[in-house]
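Every value quoted in this text rests on a predicted model; they were computed, and no experiment measured them. First listed ligand is number 1; within each ligand, the first listed atom is number 1. Hydrogens, waters and symmetry mates play no part in the numbers below; they use all other heavy atoms, side chains included.
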Amino acid sequence: MLRVTSLSSYYGKIRALKNVSLHIKPKEFVSLIGSNGAGKTTLLNSIMGHIQKKEGEIYFNNTDITNLKPEKIVNLGIGFVPEGRRIFTDMTVEENLEMGAFIIKNKDKIKENLEFLFDIFPILKERRKQQAGMLSGGEQQMLAISRALMSSPKILLMDEPSMGLAPKVITELYEKLSLLKNAGLTIFLVEQNAKIALKYSDRSYVLENGRIILQGKSSELLQDNELLRAYLGKE
Ligand code: ATP
């Protein structure tokens, strides 16, 4: 569904990603783990068209999206939840969700998406008239995910969904991601919290200094003592 081939991304002369290759198949839940500064956000921003200076190829299904504008990439069906969520805190929960549906013209489809998301996240239904800024961190992350899903994307990309959340809330959030995967969504997320990402994803890549240094089934990577020492100690 998504294929990145030999991608190098630059900030001026700095090469933040070095020959990164990865792929995500339909209905897979794939994670990319790596410590602070490894290049995780740079990878997502490169896929979403926010970083222009790059070499290599990015394909979404059969479309070359390497040099497309961000709006075009969203329109093709790639949903994105950026780092720090960036919801509209002054608007209500419902208004935030409506904003997420801006590319959908069919009112019935918008209603259907809303009902599906309220089923998965009943707390958002309960709070739909409240200002989004009044929600807890975990609820805001659920809202950010739901807002991205309102446009019926085929794949959801997420930047560190666990950031700033308490362990119990992180588990609750990943349980919701499992429900979405079971409903047929393809998920690709980047995380510093390696343990939770490996526990819930099907496959994972490990990024270090802009390079993929390891990849495999998440359940197998969870057995890799060296990896655990390097990444799981830092939680
Ligand atoms: P974090 O968990 O802190 O978000 P990350 O793995 O997402 O880390 P990136 O933010 O992608 O890492 O950063 C990768 C490298 O690129 C780092 O060395 C960082 O200093 C550098 N970098 C990131 N953004 C810029 C920028 N706008 N200009 C110059 N260098 C940048």
Side-chain angles (χ1 to χ4, degrees), residues 2-24 29-58 60 65-70 73-74 78-87 137-138 140-141 144-145 148 155-167 169-170 173-174 177 187-201 203-216 218 221-222 224 226-235:
L2 186 69
R3 180 175 292 279
V4 172
T5 311
S6 301
L7 179 70
S8 294
S9 294
Y10 297 81
Y11 295 109
K13 288 203 168 108
I14 301 167
R15 193 164 163 233
L17 291 181
K18 298 156 190 145
N19 277 316
V20 169
S21 294
L22 53 85
H23 67 275
I24 297 128
F29 183 163
V30 176
S31 78
L32 178 128
I33 57 177
S35 44
N36 207 340
K40 304 182 297 298
T41 299
T42 303
L43 174 64
L44 291 186
N45 282 334
S46 301
I47 296 171
M48 294 311 296
H50 297 300
I51 293 176
Q52 264 82 44
K53 201 170 171 208
K54 52 193 184 241
E55 292 157 357
E57 284 175 345
I58 308 169
F60 177 54
I65 63 165
T66 319
N67 296 307
L68 294 187
K69 294 243 153 30
I73 293 170
V74 171
I78 304 186
F80 182 41
V81 181
E83 196 170 0
R85 294 150 208 157
R86 305 210 205 122
I87 53 163
Q140 291 193 13
Q141 186 61 269
I145 291 168
I155 183 169
L156 184 68
L157 270 47
M158 272 175 282
D159 197 346
E160 303 221 17
S162 78
M163 193 193 268
L165 303 178
V169 181
I170 295 174
L173 185 73
Y174 271 80
L177 295 179
I187 299 174
F188 178 52
L189 56 78
V190 309
E191 266 289 0
Q192 257 190 76
N193 188 332
K195 200 171 187 173
I196 197 88
L198 290 175
K199 191 168 163 206
Y200 281 87
S201 58
R203 272 192 312 120
S204 293
Y205 294 88
V206 181
L207 190 71
E208 202 174 281
N209 290 324
R211 287 183 202 280
I212 304 276
I213 55 154
L214 204 60
Q215 56 180 295
S218 303
L221 292 177
L222 261 176
D224 183 330
E226 207 178 315
L227 181 76
L228 298 196
R229 262 200 304 279
Y231 291 94
L232 303 188
K234 290 187 197 164
E235 268 184 85

When you measure from [atom] to every protein heavy atom, which one gives the shortest distance, and what is it?
| atom | answer |
| --- | --- |
| atom 3 (O) of ligand 1 | Asn36 OD1, 2.4 Å |
| atom 12 (O) of ligand 1 | Gly39 N, 3.2 Å |
| atom 18 (O) of ligand 1 | Gly37 O, 3.9 Å |
| atom 31 (C) of ligand 1 | Tyr11 CD1, 3.3 Å |

Only heavy atoms of [X], strictly under 4.0 Å: list the atoms of ligand 1 that pass.
| X | value |
| --- | --- |
| Thr42 | 9 (P), 11 (O), 13 (O), 14 (C) |
| Lys40 | 2 (O), 5 (P), 6 (O), 7 (O), 8 (O), 11 (O), 12 (O) |
| Thr41 | 4 (O), 5 (P), 7 (O), 10 (O), 11 (O) |
| Ser35 | 6 (O) |
| Glu160 | 2 (O) |
| Gln192 | 2 (O) |
| Ala38 | 5 (P), 6 (O), 12 (O) |

(request) Could you pull out the closest heavy-atom pair between Lys40 and Ile33, with the gap in Å? (result)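 Closest approach of Lys40 to Ile33, heavy atoms only: CD-C, 4.2 Å.
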(message) For a quick test of reading the model, state the closest non-hydrogen atom pair linking Gly210 to Val20 and the distance between them.
(response)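 Residues Gly210 and Val20, closest heavy atoms: O-CG2, 3.4 Å.
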(message) Check whether Tyr205 reaches the backbone of His23 with its side chain - one donor and one acceptor, N or O, closer than 3.5 Å.
(response)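 Yes.
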(request) Go through the side-chain N and O atoms of Ser31 and Glu191 and say whether any donor and acceptor fall under 3.5 Å apart. (result)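 Side-chain D/A pair, Ser31 to Glu191: absent.
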(message) For the residue pair Ser9 / Ser46, report whether a side-chain donor-acceptor contact shorter than 3.5 Å exists.
(response)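 Side chains of Ser46 and Ser9: pair found under 3.5 Å.
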(message) Protein non-hydrogen atoms only, distance under 4.0 Å: does atom 20 (O) of ligand 1 have such a neighbour?
(response)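 Within 4.0 Å of atom 20 (O) of ligand 1, no protein heavy atoms are found.
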Check: [Y] and [X] side chains under 4.5 Å, non-hydrogen atoms:
| X | Y | answer |
| --- | --- | --- |
| Ile73 | Phe60 | no |
| Leu2 | Val30 | no |
| Leu32 | Ile212 | yes |

(message) Are any of the N/O atoms on Ala16, whether in the backbone or the side chain, positioned under 3.5 angstrom from an N/O atom of ligand 1?
(response)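 Min N/O separation from ligand 1 is not below 3.5 Å for Ala16.
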(message) When you compare ligand 1 with Ile14, is there at least one nitrogen or oxygen pair between them that comes in under 3.5 angstrom?
(response)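 By distance alone, the answer is no.
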(request) If the plane angle is over 60° it's perpendicular, under 30° parallel, otherwise tilted; pick one for Tyr200 and Tyr174. (result)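 Taking Tyr174 first and then Tyr200, their aromatic rings sit tilted (interplane angle of 30° to 60°).
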